[in-house]
Amino acid sequence: MSRVNRRTALGIGSAATAGVVLGTATPAMAAPNSGGKGLDSPDRARADRVAAIYRRERTKAGGKWYAYLSVASGTGPAPLPAVRENQDTVVEAYSVNKIAVATAVLDKVDRGLLTLDQRVEVTSGIVVPGGDGIFSLDGAYPSSVTLGHVLAALLTVSDDTAVRLCGLVCPAAELNQILVGKGFPKTQVEPVANPNRFFLGTSTARETHDLLQALVRGTLLSATSTTFLLNQLRAPIAFTDGIRRNMSSADRARIATKAGWFGNARHEAGLIFDPAGTPVLTYVLFADGQADPDNFGSTHPAVQARAAMGPAFLAAVDGLSNLSVPARRPRMYQPTNGG
């Protein structure tokens, strides 16, 4: 379905498309030696392994990639870049930008303007028919949910209606202003005629990487909001078709991830933590132009590439810890049989 047709189907009208800056593709590569470290340092070796894994799988998948990956440095607070490919090209981030939407809403929570336990009304008119998520499956409206429930649905099952519900408490113009104020002028939603609705807009691989880094370093949100957001992205029901697909439940709990897809684009961004809960690898993998654009399942070439990257990335950073940021242990998965 074309983007225009999708807009018509969602009933939000048309708006000028957010500008996309087209960049010339550059070869994926490990970042140059930095910080005075020797080329044979353990940090550089890990970064080089991550770069080699990325090159191998993105080459198999084909298409265009816009990526920024970094590995924690054992000798300093700044992460060591491993891959920078088209990292400053502005692309439509699709549902990866739901992290940015949640960031803006949680910023208002941190400032006392909203609370996670306040209720939001779900009307039949606000529900996005079809698409991703659970609100469209309810079949009984109006209903009422907490803002915390909205954000959980937004970040785990990537609920489309949850985007509109966030817009009720954080309109597009305010949302963009919050992101600019936090240092992310290219990570912006796309306003439409209704000020409380928006398309998910644009970002760059670098800005999404830096947003994730700011999150785990505690400079983006309060400690409470940081924990809340990371708990959603690391939840067992968060996206599992890409980086987390070929992993045990314990390893999946070490991955905080958010995917986004539309048209021929297949994106994913997130963090890999060590067993103690410190982030050791940050990845932003925007990709488009691969074969089979109508396949939104796990066999799409770009999704298969990310599924292969995931366990290999874990192995590449095995034994690495990050002492420059707080450890945040994930909630362990405990299945239940009801009762």
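- Residues satisfying the side chain to side chain donor-acceptor pair (under 3.5 Å) test with N246, not counting sequence neighbours, are none.
- For K182, the salt bridge (Lys or Arg N to Asp or Glu O under 4.0 Å) partners two or more places apart in sequence, or in a different chain, are D107.
- In this structure, Y283 has no ring pair (Phe, Tyr, Trp, His ring centres under 6.0 Å) partners at least two apart in sequence or on a different chain.
- Residues passing the side chain to side chain donor-acceptor pair (under 3.5 Å) test with N322 are S324, sequence neighbours excluded.
- For the salt bridge (Lys or Arg N to Asp or Glu O under 4.0 Å) test, residues two or more places apart in sequence or in another chain that qualify with K98 are D160.
- By the side-chain contact (heavy atoms from CB on, under 4.5 Å) test, R49 is found to be paired with A45, R46, A316, residues two or more places apart in sequence or in another chain being considered.
- In this view, E268 and R306 satisfy the salt bridge (Lys or Arg N to Asp or Glu O under 4.0 Å) rule, not counting sequence neighbours.
- Screening residues 309-322 for salt bridge (Lys or Arg N to Asp or Glu O under 4.0 Å), with sequence neighbours left out, gives no hits.
- The salt bridge (Lys or Arg N to Asp or Glu O under 4.0 Å) search around D241 returns none, not counting sequence neighbours.
- Taking the side chain to side chain donor-acceptor pair (under 3.5 Å) definition, one finds that T103 meets it with nothing, sequence neighbours left out.
- Within the structure, salt bridge (Lys or Arg N to Asp or Glu O under 4.0 Å) pairs that include any residue of residues 112-127 do not occur (at least two apart or interchain).
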Side-chain donor-acceptor distances from residues 129-141 under 3.5 Å, at least two apart:
{"from": "Y141", "atom 1": "OH", "to": "F135", "atom 2": "O", "distance (Å)": "2.6"}
{"from": "Y141", "atom 1": "OH", "to": "G139", "atom 2": "N", "distance (Å)": "3.3"}

